[in-house]
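Let me begin by presenting the structure, written as structure tokens, before commenting on it.
Quick note: numbers below take in every heavy atom, side chains included, and nothing from hydrogens, waters or symmetry partners.
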Amino acid sequence: APRPSPDGRWLPYQERVVTRMRLRAREIATNQSTIVSSTLPGPYFREFPPDWQFQSVAWSPSGSDLYFVDQPAESEYILRRFRLNAAQAESFPITRTRGSMSMTDIFPIAEGRAVSFLTRSANSCTLHRLDVNAGADDVKPPFPCSLFTQLRGWTRGDGAAVIVRPVKLNDDTTNSVEVMLIPANGPAPRVYSVDRVYISSTRLDSERALLYLTRTEEGVHNMYALSLDTGKLISVTKNRTPDVTFTGVEPIGSGLVVGARHERKSDIWLLEPGPASANAPARAVPR
């Protein structure tokens with residue numbers, strides 16, 4: 001689960017050591033690496049698409065700070081920050097959870113002045129917004145959730161948290177989902193419903209408030225974009241081949257990088273936005 005720094009200088013990644021996971025950060029120019037943590041929680045990923053389920057490592061926008069979830073004991077989680085060239089990572093004691101409560105999905109917001117994350121128990125999740133300078137934790141009301149509920153980021157900086165919550169598992173391993181928008185301040189959350197979604201495939205384009213997701217219709221997979229401003233679901237790809245699946249999408253600038261997998265070969269696609277609207281999702285043929 002590599003997470004390149006915003007300036008491309010550092011590459012943190014997870015490695016397994018016997019039964020434990022550790023976090024290592026490698027400086028690409030010198031090939032020198034530092035062990036940031038030896039007590040990282042074990043990874044969890046869905047079988048399809050082959051992707052990590054939760055985001056437990058994230059950079060600040062400046063690329064100077066690396067935040068991660070650590071697990072110093074069996075039933076204990078804590079948020080930590082590693083500053084480049086520091087001797088060791090520092091902890092935020094106010095975030096420590098114990099017992100059945102775990103911590104996932106880290107997203108620095110407010111230009112790095114705050115960090116958001118989820119804490120979860122068996123049947124409920126809570127959204128946190130930690131001011132890393134003041135040490136104050138703004139805790140939102142808990143909401144019902146399951147293991148596969150994910151915080152996917154924030155719209156336009158830190159306007160609203162985007163949470164994808166499965167409500168029904170279908171026979172084809174897709175989910176009927178609710179997309180929740182929890183504002184940092186102000187009105188109650190908005191909720192949109194989408195059927196037959198591969199929940200691990202969802203990716204957020206925060207600047208254009210679009211949530212990309214892969215859906216199945218009659219055994220054929222296609223990518224869609226959900227407008228978080230209007231709730232409209234927009235078709236992005238026009239795949240008609242049952243053997244093709246989409247294994248990941250990353251918004252970059254005005255376009256997208258999309259992984260498309262055929263049962264006998266793999267391709268990487270670059271999708272560029274069409275000329276119709278600046279707010280329209282990217283849609284194009286493979287490059």
Side-chain angles (χ1 to χ4, degrees), residues 46 48-49 51 53-55 104-105 107 109 116-118 120 123-129 140-218 220-239 245-246 248-251 256 258 271 273-274 276-283:
R46 294 292 298 270
F48 176 84
D51 198 4
Q53 181 71 17
F54 305 121
Q55 175 164 311
T104 61
D105 294 347
F107 285 92
I109 52 177
S116 64
F117 58 93
L118 288 182
R120 62 179 75 228
N123 299 307
S124 70
C125 289
T126 303
L127 175 66
H128 298 253
R129 178 188 167 101
K140 301 299 181 182
F143 57 89
C145 76
S146 67
L147 173 63
F148 303 123
T149 298
Q150 303 165 76
L151 171 62
R152 277 309 189 190
W154 291 70
T155 61
R156 299 187 180 99
D158 58 347
V162 180
I163 293 174
V164 182
R165 180 174 62 179
V167 294
K168 176 187 174 184
L169 178 64
N170 301 313
D171 294 338
D172 56 3
T173 73
T174 62
N175 287 95
S176 299
V177 304
E178 290 182 342
V179 179
M180 300 175 59
L181 276 73
I182 302 180
N185 301 291
R190 280 184 290 155
V191 179
Y192 300 124
S193 297
V194 188
D195 193 23
R196 299 202 173 278
V197 174
Y198 286 106
I199 193 166
S200 294
S201 71
T202 58
R203 291 292 185 274
L204 176 66
D205 183 340
S206 60
E207 289 305 310
R208 292 190 291 170
L210 295 171
L211 183 69
Y212 290 95
L213 43 87
T214 299
R215 302 177 65 228
T216 182
E217 296 168 324
E218 298 180 353
V220 176
H221 299 170
N222 272 295
M223 187 172 295
Y224 289 79
L226 174 68
S227 169
L228 301 177
D229 291 330
T230 66
K232 183 180 179 181
L233 193 64
I234 309 162
S235 172
V236 175
T237 63
K238 298 292 186 182
N239 175 46
T245 61
F246 298 96
V249 55
E250 293 296 336
L256 294 173
V258 178
L271 282 78
S277 170
N279 294 321
R283 61 173 83 189

>> Give me the atom names and distance for the closest heavy-atom approach of Glu207 to Arg156.
In response: O-NE, 3.3 Å
> To the nearest 0.5 Å, what is the distance between CZ (Arg196) and CD (Glu217)?
Replying inline: 9.5 Å
> Please walk me through it: do Leu210 and Ser227 pass side-chain contact (heavy atoms from CB on, under 4.5 Å)?
Replying inline: CA-CA 5 Å; Leu210 295 171; Ser227 169; 4.3 Å; yes
>> How long is the straight-line distance from CZ of Arg190 back to CG of Asp229, given to the nearest 0.5 Å?
In response: 6.5 Å
> Could you walk me through whether Thr202 and Val177 pass the side-chain contact (heavy atoms from CB on, under 4.5 Å) check?
Replying inline: CA-CA 11 Å; Thr202 58; Val177 304; over 6 Å; no
> Out of curiosity, Ile182 CD1 to Arg129 CZ, how far, rounded to the nearest 0.5 Å?
Replying inline: 12.5 Å
> Tyr198 versus Thr216: any side-chain heavy-atom pair under 4.5 Å?
Replying inline: yes
> Rounded to the nearest 0.5 Å, how far does OG1 of Thr245 lie from CE of Met223?
Replying inline: 10.0 Å
> Can you tell me if Ser201 uses its side chain to pair, donor with acceptor, with the backbone of Thr214 under 3.5 Å?
Replying inline: yes
> Of all heavy-atom pairs between Ser193 and Glu178, which one has the smallest distance, and what is that distance?
Replying inline: OG-CG, 4.1 Å
> Any side-chain heavy atom of Cys145 within less than 4.5 Å of one from Asn123?
Replying inline: no
> Any side-chain heavy-atom pair from Thr149 and Phe143 closer than 4.5 angstrom?
Replying inline: yes
>> So, taking the atom named OG in Ser146 and the one named CZ in Arg120, what distance separates them when rounded to the nearest 0.5 Å?
In response: 8.0 Å
>> Minimum heavy-atom separation for Leu127 and Leu118, please, with both atom names.
In response: CA-CD2, 3.9 Å
>> I want to check something: taking the side chain as every heavy atom from C-beta on, are Leu211 and Tyr192 in contact at a cut-off of under 4.5 Å?
In response: no
>> If you compare all heavy atoms of Pro189 against all heavy atoms of Pro183, which two are closest, and at what distance to 0.1 Å?
In response: CA-CD, 4.2 Å
> Closest heavy-atom contact between Trp154 and Ala184?
Replying inline: CZ3-CB, 3.9 Å
>> So, applying side chain to side chain contact (heavy atoms under 4.5 Å, CB included) with Leu213, which one of Val236, Val164, Val197, Ile199 is it?
In response: Val197
> Could you state the interatomic distance from CD (Gln150) to OG1 (Thr104), rounded to the nearest 0.5 Å?
Replying inline: 8.5 Å
>> So does Lys168 get a backbone contact from the side chain of Asn175, meaning a donor-acceptor N/O pair under 3.5 Å?
In response: yes
>> Treating Asn239 as the side-chain partner and Asn222 as the backbone partner, does any N or O pair qualify as donor plus acceptor under 3.5 Å?
In response: no
>> Minimum heavy-atom separation for Leu151 and Ser116, please, with both atom names.
In response: CD2-OG, 3.8 Å
> Just checking, any donor-acceptor pair under 3.5 angstrom between side chains of Thr174 and Asp172?
Replying inline: yes
